[in-house]
Amino acid sequence: MVMIKVLVAGFKGRMGNTTTKMVLENTDFELAGVYDPSASESNLSELPDFENEDVPVYTKAVDIDGSTIDVWIDFTSPVSVYENVKFALSHSISPVIGTTGLTNDQVDELKKIAKKNKVGGLIAPNFGISAVLLMQFAQQAAKYLPDVEIIEMHHDKKLDAPSGTALNTAKLISEVRKQKIQGNPEEKESLIGARGADYEGMRIHSVRLPGYVAHEQVLFGGQGEALTIRQDSFDRISFMSGVEVAVKKIRDYDELLIGLENLL
Ligand SMILES: NC(=O)C1=CN([C@@H]2O[C@H](COP(=O)(O)OP(=O)(O)OC[C@H]3O[C@@H](n4cnc5c(N)ncnc54)[C@H](OP(=O)(O)O)[C@@H]3O)[C@@H](O)[C@H]2O)C=CC1
Ligand SMILES: O=C(O)C1=N[C@H](C(=O)O)C[C@H](O)C1
């Protein structure tokens, strides 16, 4: 059986470390390389967690030989993800991207590159099935209950706010409801930010606390009733089954897909 050759970008980070272990444990995958520009190691075996693993560490994208990699998994940072995906797509490597923070313009640009090069890729704001379902349920509910606020809660090391999942939730909801002003049109914030961020009239509130991993609530209010949808990711292993599915399926496509639901 031919194994899928995988590179993990951001391998020293919280998600990258968990993903590196998942790839090593999956008998369908071969860990062909790991990438992090600030790594001091030249081989993964130099790290205590991976003593017996002979895997090259790359610190410069130009050193990565595209012909040795099938799938590029990316859990890096909002500032690096665009260049990483561009590199992967232009070397016929299928990107599986968990990193959040890409702008709409960047995503459009990457879609064009994928289409031109006929390379399959996935950007998934969230690989957790509970979050994928929450987004779908929220979109369904918003057809009937258009007054919505989103609260996302994450660990206090997170760089981007609002979370990619919250932004995607708002985007999906905005596809089924008209832009509207929520709350009192005359309302005034006596403390700036009190009403949260504004996405087409929907308020998004970002909580950052130690101890949290990743959690989201979507609150709907109607006349005399309310609905709350909530999901919780209590650990990072919970994202791995989604990543595994994506790595296995993504090379069957020839375009850049947005959202894990496209592969389920
Ligand atoms: N889609 C999903 O299901 C999930 C997505 N995420 C997203 O994944 C991303 C990473 O999260 P998390 O693991 O917590 O973050 P971490 O900060 O723990 O890890 C990011 C790692 O990427 C490294 N890095 C920075 N720049 C580059 C680059 N150009 N190439 C390769 N590696 C690089 C960092 O190194 P250094 O510290 O030296 O800069 C760091 O080790 C975030 O955007 C987060 O929102 C997180 C969980 C689930
Ligand atoms: O940074 C995180 O941790 C997470 N980031 C993603 C996001 O921004 O939505 C996915 C998940 O929420 C965990």
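Just so it is clear, the model here is predicted, and its values are computed rather than measured. One-based numbering, in listed order, for ligands and for the atoms of each.
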Is there any protein N/O under 3.5 Å from an N/O of ligand 2, and what does the full list of such pairs look like?
| unit_1 | atom_1 | unit_2 | atom_2 | d |
| --- | --- | --- | --- | --- |
| ligand 2 | 1 (O) | Lys158 | NZ | 2.8 |
| ligand 2 | 3 (O) | His155 | NE2 | 2.9 |
| ligand 2 | 5 (N) | Lys158 | NZ | 3.1 |
| ligand 2 | 8 (O) | Lys158 | NZ | 2.7 |
| ligand 2 | 8 (O) | Gly164 | N | 2.8 |
| ligand 2 | 9 (O) | Gly164 | N | 3.3 |
| ligand 2 | 9 (O) | Thr165 | N | 2.8 |
| ligand 2 | 9 (O) | Thr165 | OG1 | 2.5 |
| ligand 2 | 12 (O) | His154 | NE2 | 2.6 |

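- Between the choices Thr18, Val79, Asp36, the shortest heavy-atom distance to atom 34 (C) of ligand 1 belongs to Asp36.
- The two residues Ala138 and Phe220 come nearest to each other via the heavy atoms O-CZ, 3.5 Å.
- Counted by atom type alone, Thr103 and Asp105 present zero donor-acceptor pairs between their side chains at under 3.5 Å.
- Not close to ligand 1: Gly164, with no non-hydrogen atom less than 4.0 angstrom away.
- Between Glu255 and Lys116 there is no salt bridge, since none of the side-chain N atoms of the basic residue sits less than 4.0 Å from a carboxylate O of the acidic one.
- Taking a cut-off of under 4.0 Å to the non-hydrogen atoms of Asn126, the atoms of ligand 1 that pass are 1 (N), 2 (C), 3 (O).
- Two residues are said to be in side-chain contact when any heavy atoms from C-beta on lie closer than 4.5 Å; Val148 and Leu219 fail this criterion.
- Residue contacts with ligand 1: Ala9 is placed with no nitrogen or oxygen under 3.5 Å of a nitrogen or oxygen of the ligand (distance criterion only).
- In this structure, Pro125 is part of the shell of residues with a heavy atom less than 4.0 angstrom from ligand 1.
- Protein heavy atom at the shortest distance from atom 8 (O) of ligand 1 is Phe75 CD2, 3.4 Å.
- Ranking protein heavy atoms by distance to atom 1 (N) of ligand 1, first place goes to Ala124 O, 2.9 Å.
- With respect to the salt-bridge test (charged N to carboxylate O, under 4.0 angstrom), the residues Lys178 and Glu200 do not qualify.
- With rounding to the nearest 0.5 angstrom, the CZ atom of Phe75 is 14.5 Å from the CG atom of Asp36.
- Side-chain atoms of Pro95 and Leu89, non-hydrogen and from C-beta on, do get closer than 4.5 Å to each other.
- Considering Met15, Lys12, His155 only, the shortest heavy-atom separation from atom 47 (C) of ligand 1 involves Met15.
- In this structure, Val55 and Phe50 have side chains that are not in contact, with every pair of non-hydrogen atoms separated by 4.5 Å or more.
- Residue, atom and distance of the protein heavy atom nearest to atom 15 (O) of ligand 1 are Arg14 NH2, 3.5 Å.
- In terms of protein heavy atoms, atom 44 (C) of ligand 1 is closest to Thr100 OG1, 3.7 Å.
- Checked by distance only, ligand 1 and Gly16 stay at 3.5 Å or farther apart across all their nitrogen or oxygen atoms.
- Among protein heavy atoms, atom 39 (O) of ligand 1 sits closest to Ser38 OG, 4.3 Å.
- Near Asn84, meaning under 4.0 Å from any of its heavy atoms, are these atoms of ligand 1: 28 (C), 29 (N), 30 (N).
- Using 4.0 Å as the threshold, Lys158 has a heavy atom nearer than that to some atom of ligand 1.
- For atom 36 (P) of ligand 1, a protein heavy-atom neighbour is present inside the 4.0 Å cut-off.
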Kindly determine whether Ser174 and Met202 satisfy side-chain contact (heavy atoms from CB on, under 4.5 Å), including the steps that lead there. CA-CA 9 Å; Ser174 70; Met202 246 172 289; 4.3 Å; yes

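- In terms of protein heavy atoms, atom 10 (C) of ligand 1 is closest to Thr76 O, 3.2 Å.
- Asp156 and Lys158 are not joined by a salt bridge, as no carboxylate oxygen comes within less than 4.0 angstrom of a charged side-chain nitrogen.
- For the side-chain contact (heavy atoms from CB on, under 4.5 Å) with Glu216, the qualifying choice from Asp232, Ile229, Thr169, Ile151 is Thr169, the only one to do so.
- By the 3.5 Å distance cut-off applied to N or O atoms, Ser77 is not counted among the residues near ligand 1.
- At a threshold of 4.5 Å between non-hydrogen side-chain atoms, the residues Thr76 and Asn84 count as touching.
- With rounding to the nearest 0.5 Å, the separation of NE2 in His215 from CG in Leu134 is 13.0 Å.
- For the atom pair Phe234 CZ and Ser130 OG, the distance stands at 8.5 Å (nearest 0.5 Å).
- Under a 4.0 angstrom heavy-atom cut-off, Gly128 registers as lying outside contact with ligand 1.
- With a heavy-atom cut-off of 4.0 Å, Phe127 touches ligand 1 through backbone and side chain alike.
- Using a cutoff of 4.0 Å between basic side-chain nitrogens and carboxylate oxygens, Lys180 and Asp147 are scored as salt-bridged.
- Listed by atom number, the atoms of ligand 1 under 4.0 Å from Gly10 heavy atoms are 21 (C), 22 (O), 23 (C), 31 (C), 32 (N).
- In this structure, atom 5 (C) of ligand 1 lies nearest to the protein heavy atom Gly98 O, 3.0 Å.
- Neither the backbone nor the side chain of Ala131 has any atom closer than 4.0 Å to an atom of ligand 1 (non-hydrogen atoms only).
- Short contacts between ligand 1 and Ser80, defined as distances under 4.0 Å to a heavy atom of the residue, involve ligand atoms 26 (N), 27 (C), 28 (C), 29 (N).
- Every atom of ligand 1 with a heavy atom of Tyr35 under 4.0 Å away is listed here by number and element: 30 (N), 31 (C), 32 (N).
- Environment of CG in Asp54: sparse, with no more than 12 heavy atoms of neighbouring residues, nucleotides or ligands closer than 6.0 Å.
- The protein heavy-atom contact nearest to atom 19 (O) of ligand 1 is Gly13 CA, 3.2 Å.
- In this structure, the side chains of Leu102 and Leu110 come closer than 4.5 Å at one or more pairs of heavy atoms.
- For ligand 1, none of its N or O atoms has an N or O atom of Phe239 under 3.5 Å away.
- Checked for salt-bridge contact, Arg195 and Glu187 meet the test: a charged N lies under 4.0 Å from a carboxylate O.
- Counting only N and O atoms by type, the side chains of His205 and Glu152 include no donor and acceptor under 3.5 Å apart.
- The distance criterion of under 3.5 Å between nitrogen or oxygen atoms is not met by Pro37 with respect to ligand 1.
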